[in-house]
Amino acid sequence: MGVATAVRSAAAGLAWYVKGVMGEDAYDKYRAHHESVHGTDAAAPAMTEQEFWRDQADRQDTNPQGRCC
Amino acid sequence: MGATSKIPHDAIDDPDLTQDPALPPVALDPAIHEAEEAHWTPVKIAIWVAIALLGGLSWVMLAVVRGETVNAIWFVFAAICTYLIGYRFYSNYIQKHLLRPDDRRATPAEYKADGKDYAATDRRVLFGHHFAAIAGAGPLVGPVLAAQMGYLPGTIWIIVGVVFAGAVQDYLVLFFSMRRGGRSLGQMARDELGRVGGTAALLATLTIMVIIVAILALVVVNALAESAWGVFSVGMTIPIALFMGCYLRFFRPGKVTEISIIGFVLLIAAIVGGGAIAGTEWGAAMFHIDKLPLAIGIIVYGFIAAILPVWLLLAPRDYLSTFMKIGTIGMLAVAIIIVRPEITVPAVTDFATSGAGPVVSGTLFPFLFVTIACGALSGFHALIASGTTPKLIEKERQTRFIGYGGMLMESFVAIMALVAALSIDQGIYYAMNASPALTGGTVQGAVAFVNGLGLTGVNLTPDMLTQTALNVGEESIVSRTGGAPTLSVGLANIMQQVAGGSGMMAFWYHFAIMFEALFILTAVDAGTRVARFMLQDSLGNFFPKFKDTSWRTGAWLTTGIMVAAWGAVLVMGVTDPLGGINTLFPLFGIANQLLAAIALAVCMAIVAKRGLFKYLWIVALPLSFAAVVTITASILKIFSTVPSVGYFAQNAAFSNALADGETSFGTATSVEAMEAVVRNTMVQGILSIIFVTLAVIVIFTALQATWNAWRTHSNATNEDLAVPSRIFAPAGLKATPAEKATQALWDARPSTGKRKTREH
């Protein structure tokens, strides 16, 4: 049990880290933020996952970030 | 709370930072941090003594012991031990006395939180993000070119430079931008230096960006020209990125890791397939492209890439590049530790003092310090550290780990690139890096040239060049300037000893070329876009319509102007009869270091206005060094009477030869070539003058602001108003015992409003 749990926890940690660095957790962060501000208020619905990623692309289009040499 | 004197500066300015009593502590008392640091257990003392001794021994092995060879492992130990000591002691000193972060203050990610651009991010994740944004081809290329001066000068500059200059700049800019809601360097320059200084900083940034993009593109052209394999596999990144973009847009939005893994597999397939295709007659004919058409291809590509929506090409390739970057750098570190190559390069070569090196001209001072820019001190980082990163920081104290620590990592990448370049045979190194003007581009020419340099222990045979070319799957490796091919040979040489043997060298070589080309093309796209927005913003002051960034005509026009600007420099470099890289690379380094001087000048003005004169030297030290180096280098480039160093001296020499009716001069074999030299040196000379003038204006306005602050005993700041924080997170990589205890109080709360964290 000990080894299996440790391996599983290390794999989960690695997956969490890679997703974080790649920016895959952006939607989760957005939802968490949205809920903490608006709760489950139906008047201010959160963007769906697809809407969110399109909105993110639009934001990058209008506000480009440099990549270093 | 602790004694009053221990409370940071800002608490005195702003007594309203009292936190919500319903919450566990959002910050540790600074006295607790100090007590933890001052608590020296015997184990801790033993560890730091061991680090210091190992670091000291490594430096002795590198700098004092003069054997036939030196093992690469000493570079790794010298670097890591020095970084650890610099991080633990110097960055801590800066934190305690100069920046004085206050975790009771909310960061922009908290008080401006929108769940999108401003979002508190775990410090370890943000470290990865920030590192991926700052690290690129720069630290890989500069050290390779500087290896001609011997291993020691470059090693010292990379390691000592980062501790006292590069990491300090990144840390300061990140912190100051964070305190200003994530404002950009340009905006901070305007706030701190006024209209003249701010405008000069903006113009300098824009022109420097053009030069940097142009020279990066030149590195790619030099690496891919006449290499069917390279052209095919790097070319395939475009359809791969398009596929990834469409997958994420229409099929599985947000599955970034998944598509990056798919993209990575396709990329490896493209590298392997490239070898097969380059081996066929039609493949070799189709993808064998000369420098000039390739440069034009990249210019056209650059324009299209910059006007396409980001989701289609830029964003997916950025994912791929991040994935490759962290993976390959980790792989190289492990390989160097396993292989531990012996290095036969002398500690210091004659080229360091004579300035007659064939790779880049000029003496050690100042040209070593501009050739190695990224890795020791990189002004470009100031644009990143005042861009995305400050908007994502969770707690103020984390800026040290991310800003200072992130730059130490980049410096380590530079050390590994240096080791890889040093590990290849010296004869091959010079044959690859001397311009075609010197070697004639042929094996015989290269052998004659390199053996004629009179270097001890260098005895190049034609066989060595043809065999290496065969091993890496290229037609020729003679005069493959620009640093990228040399690094790739070094990397392939190290990797084949770990995996695959010499049969795999060709794969590793093209893997490394791909890895560098990927970074550079991403930097070219992103740089063009950023420059276009800067130009639109500036033009908008005169023609308001340009401010509207969704105006298609304006966007295309400004993109076209920026692409034309870097494209012109690129074509100039590609067609230069003198070789291109050796004349243009110093301009790249000077530009990057001048940007660093500008960023540090802005930081100095900020520090002075806070009235922290006692610690001003922390900024003044790297600023004066960067200023002296870049201004000296610029002046030499402008006024030197040695034609290989001074642009105008070269210009005059060729102009006179033309006036005398000569039809060939030096390495230029025709009147057209001579005219090209006259034109190129004039442009390069004028660019040098522009850079140095703008930088001097910025530094002067910063000195003026500093003097005014001194005179008026200023305690002013343009920081955003302090807002009390409502979250807690540890500061460094590992949570300290006191931080863990506080974190436990937060974790024990009911789950409402609690964010997901992973503390062990």
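All figures in this text were calculated on a predicted structure; none of them were measured in a lab. Just so you know, these numbers use all the heavy atoms, side chains as well, and skip hydrogens, waters and symmetry mates. Chain letters run A, B, ... following the sequence lines, proteins first and then strands; every chain starts at 1.
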**Q** So for B:Phe131, is it side chain, backbone, both, or neither that comes closer than 4.5 Å to the heavy atoms of chain A?
**A**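 Nothing of B:Phe131, per the 4.5 Å heavy-atom cut-off to chain A.
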**Q** Between B:Ala113, B:Ala555, B:Gly387, which residue shows the highest count of heavy-atom pairs closer than 4.5 Å to chain A?
**A**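 Heavy-atom pairs under 4.5 Å are most numerous for B:Ala113.
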**Q** Below 6.0 angstrom between ring centroids: does that apply to B:Phe250 and B:Trp311?
**A**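 Aromatic pair counts; centres sit under 6.0 Å.
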**Q** How far apart are the C-alpha atoms of A:Gln56 and A:Gln60, what are their side-chain angles, what is the distance that settles it, and do they pass the side chain to side chain contact (heavy atoms under 4.5 Å, CB included) test?
**A** CA-CA 6 Å; A:Gln56 193 198 42; A:Gln60 285 176 355; 4.2 Å; yes
**Q** Which one of B:Arg249, B:His381, B:His129 has the most heavy-atom pairs closer than 4.5 Å to chain A?
**A**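 The answer is B:Arg249.
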**Q** Can you tell whether the side chains of B:Asp525 and B:Arg317 come within less than 4.0 Å, N to carboxylate O?
**A**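 Yes.
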**Q** Is the cationic atom of B:Lys325 (NZ for Lys, CZ for Arg) positioned less than 6.0 Å from the six-membered ring centroid of B:Phe519 and within 45 degrees of its normal?
**A**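 Verdict for B:Phe519: a cation-pi partner in B:Lys325.
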**Q** By a 4.5 Å heavy-atom criterion (distance strictly below it), what part of B:Ala135 contacts chain A: side chain, backbone, both, or neither?
**A**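 Answer is backbone: N, CA, C or O of B:Ala135 sit under 4.5 Å from chain A.
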**Q** Please classify the contact between B:Ile326 and chain A as side chain, backbone, both or neither, with a heavy-atom cut-off of under 4.5 Å.
**A**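 The side chain, not the backbone.
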**Q** Taking side chain as everything from C-beta outward and backbone as N, CA, C, O, which of these in A:Asp55 sits under 4.5 Å from a heavy atom of chain B? Side chain, backbone, both or neither.
**A**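 Looking at A:Asp55, just its side chain touches chain B.
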**Q** Can you tell whether the side chains of B:Arg252 and B:Glu258 come within less than 4.0 Å, N to carboxylate O?
**A**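 Looking at B:Glu258 together with B:Arg252, the answer is yes, because their closest N to O distance falls below 4.0 Å.
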**Q** Does any backbone or side-chain atom of B:Arg532 lie under 4.5 Å from a heavy atom of chain A? Answer side chain, backbone, both or neither.
**A**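 For B:Arg532, neither part sits under 4.5 Å from chain A.
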**Q** Taking the side chain as C-beta and beyond, is there a heavy-atom pair between B:Phe585 and B:Val141 under 4.5 Å?
**A**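 The answer is yes, as the side chains (C-beta and beyond) meet within the 4.5 Å cut-off.
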**Q** Any side-chain donor-acceptor pair under 3.5 Å between B:Lys391 and B:Ser177?
**A**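 No - no donor-acceptor pair under 3.5 Å links their side chains.
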**Q** Taking A:Asp61 first and then B:Arg529, would you say they form a salt bridge - that is, a charged N and a carboxylate O separated by under 4.0 Å?
**A**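 Judged by the 4.0 Å cut-off on N to carboxylate O distance, A:Asp61 and B:Arg529 do form a salt bridge.
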**Q** Please state whether the side chain, the backbone, both or neither of B:Leu383 comes within less than 4.5 Å of a heavy atom of chain A.
**A**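 No part of it gets close to chain A.
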**Q** Less than 4.5 Å to any heavy atom of chain B: does that hold for the side chain of A:Arg54, its backbone, both, or neither?
**A**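 Both backbone and side chain.
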**Q** Checking heavy atoms, do the side chain of B:Phe533, its backbone, both or neither come under 4.5 Å from chain A?
**A**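 Interface part for B:Phe533: side chain.
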**Q** At a heavy-atom separation under 4.5 Å, does B:Ser260 approach chain A through its side chain, its backbone, both, or neither?
**A**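 Interface part for B:Ser260: side chain.
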**Q** Using a 4.5 angstrom heavy-atom cutoff, name the option from A:His34, A:Arg59, A:Arg31 with the most pairs to chain B.
**A**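 Among A:His34, A:Arg59, A:Arg31, the one with the most close pairs to chain B is A:Arg59.
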**Q** Using the ring of each side chain (for Trp, its six-membered ring), is B:Phe251 parallel, tilted or perpendicular to B:Tyr247, with breaks at 30° and 60°?
**A**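 Rings of B:Phe251 and B:Tyr247: perpendicular, over 60°.
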**Q** Using a 4.5 angstrom heavy-atom cutoff, name the option from A:Tyr27, A:Tyr17, A:Phe52 with the most pairs to chain B.
**A**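 Highest number of heavy-atom pairs under 4.5 Å: A:Tyr17.
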**Q** Of the listed residues (B:Ile134, B:Thr322, B:Leu126), which shares the most heavy-atom pairs with chain A below a 4.5 Å separation?
**A**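 If we count pairs closer than 4.5 Å to chain A, B:Ile134 comes out on top.
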**Q** Heavy atoms only, distances under 4.5 angstrom: which of B:Gly254, B:Ala531, B:Ala526 has the most pairs with chain A? Name it, please.
**A**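 Heavy-atom pair counts peak at B:Gly254.
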**Q** So that I can tick it off, tell me whether B:Lys116 and B:Asp114 are bridged by a salt bridge, with the cut-off set at under 4.0 angstrom between side-chain N and carboxylate O.
**A**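 B:Lys116 and B:Asp114: not salt-bridged.
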